[in-house]
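Numbered from 1 within each chain, the chains take letters A, B, ... in sequence-line order.
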Amino acid sequence: MDLNSFKLLPRSFFRRDTILVAKELLGQLLVRVHGDSGVLVGRVVEVEAYKGLEDPASHAYRGNRGRASIMFGDVGYAYVYFTYGNHFCLNVVAKDELTAAGAVLFRALEPLQGVDIMMKNRGTTRLLDLTSGPGKLTKAFDISRSFYGVDLTSKGDLFLAEGWMGKDESVCSSPRIGITLAKERPWRFYLCGNPYVSR
DNA sequence: CACCCGATTATCT
DNA sequence: GATAATCGGGTGT
């Protein structure tokens with residue numbers, strides 16, 4: 001696999017309104033250089049936007065401290081957190097210059113390359129279940145705590161690259177999943193009808 | 001298919 | 001001590 005064929009998303013991509021970045025991440029590529037075993041590639045089909053001090057559902061709601069402090073830092077970096085005692089979730093820090101904190105959660109991918117390795121990492125052969133959830137995709141891509149703070153705008157072990165939108169594809173939205181506060185905000189975005197979306 | 005629940009730990013009250 | 005930006009296995013329809 002030739003990494004030169006991937007066109008990185010520039011840091012300026014992420015230095016815009018969090019909601020806008022979330023929508024525009026749909027169709028882009030998440031690339032994982034997985035040691036000697038190969039390159040994993042997934043196309044983003046579902047995300048959620050989390051703001052900062054004005055978003056009660058956000059980890060950044062309580063201020064610049066703890067694990068969420070990275071959401072107050074520069075854009076384009078990975079925010080990885082451990083949840084429910086079992087799973088890791090991957091976010092990218094994204095916000096405009098006037099906003100203190102914000103990030104976009106990756107909720108589902110369409111597997112494009114390295115499917116065999118993803119199946120091995122996940123312990124399943126069911127293609128539709130491989131990366132159709134925030135905890136599933138981190139497991140498939142072997143992303144854990146060590147990716148906290150990684151720059152996703154440079155070609156390291158994990159980065160984001162330019163993808164595409166199909167002519168017949170469009171963006172749907174809904175309330176965010178699994179939260180108890182600010183339930184009504186329609187900040188979950190996904191490709192309408194895509195089979196790899198989590199639900 | 002729907003609903004229910006246990007796993008397992010970081011974070012907050 | 002309770003809850004959580006989740007998942008997968010169980011039971012019942």
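Of all nucleotides listed (C/dT6, B/dA10, B/dC12), B/dC12 comes nearest to the side chain of A/Arg62.
Note: CZ (A/Phe82) to C1' (B/dT8) measures 7 Å, nearest angstrom. Between the CG atom of A/Asn91 and the P atom of C/dA4 there is a distance of 18 Å, rounded to whole Å. Atom NE2 of A/His87 is separated from atom C1' of B/dA7 by 8 Å (rounded to the nearest Å). One atom, CZ of A/Phe106, and another, C1' of C/dA5, lie 14 Å apart when rounded to the nearest Å. Rounded to whole Å, the distance from CG on A/Asp129 to P on C/dG8 is 7 Å. Atoms NZ (A/Lys139) and P (B/dA7) sit 17 Å apart, rounded to a whole Å. When rounded to the nearest whole Å, the span between CZ of A/Arg65 and C1' of B/dT13 equals 11 Å.
With hydrogens and angles ignored, the 3.5 Å screen pairs no side-chain donor or acceptor of A/Lys183 with any backbone N or O of A/Pro175. Put simply, the side chain of A/Arg15 never gets that close to the backbone of A/Glu97: no donor and acceptor are under 3.5 Å apart.
Toward the 5' end of DNA chain B, the nearer of the two residues A/Arg145 and A/Asn86, judged by each one's closest nucleotide, is A/Asn86.
Looking at heavy-atom distances under 4.0 Å, A/Gly85 makes contact with a base. At a threshold of 4.0 angstrom between heavy atoms, the contacts of A/Lys136 are confined to the sugar-phosphate backbone, with no base atom among them. Counting any heavy atom pair closer than 4.0 Å across all strands shown, A/Arg199 reaches no nucleic acid atom. When heavy atoms are screened at a 4.0 angstrom cut-off, A/Leu105 is found touching base atoms of the nucleic acid. Looking at heavy-atom distances under 4.0 Å, A/Arg126 makes no contact with the nucleic acid at all.
Using a 4.0 Å cut-off between a side-chain N of Lys or Arg and a carboxylate O of Asp or Glu, A/Arg122 and A/Asp129 do not qualify as a salt bridge.
Just one of A/Phe82, A/Phe147, A/Phe106 meets the ring pair (Phe, Tyr, Trp, His ring centres under 6.0 Å) condition when paired with A/Phe88; it is A/Phe82.
Within a 6.0 Å sphere centred on NZ of A/Lys120, heavy atoms belonging to other residues, nucleotides or ligands number 12 at most.
Of the side-chain N and O atoms in A/Thr180, one or more sit less than 4.0 angstrom from OP1 or OP2 of C/dA4. Residue A/Arg188 has no polar side-chain atom (N or O) positioned under 4.0 Å from OP1 or OP2 of C/dA5.
Pair assignment for C/dA5: none, as no Watson-Crick or G-U wobble contacts are both less than 3.5 Å. If you check B/dT8 for Watson-Crick or wobble pairing at under 3.5 angstrom, you find it has no partner at all.
Stacking annotation: A/Tyr84 is not stacked on the base of B/dA7 (requires ring centroids less than 5.5 angstrom apart and an interplanar angle below 30 degrees).
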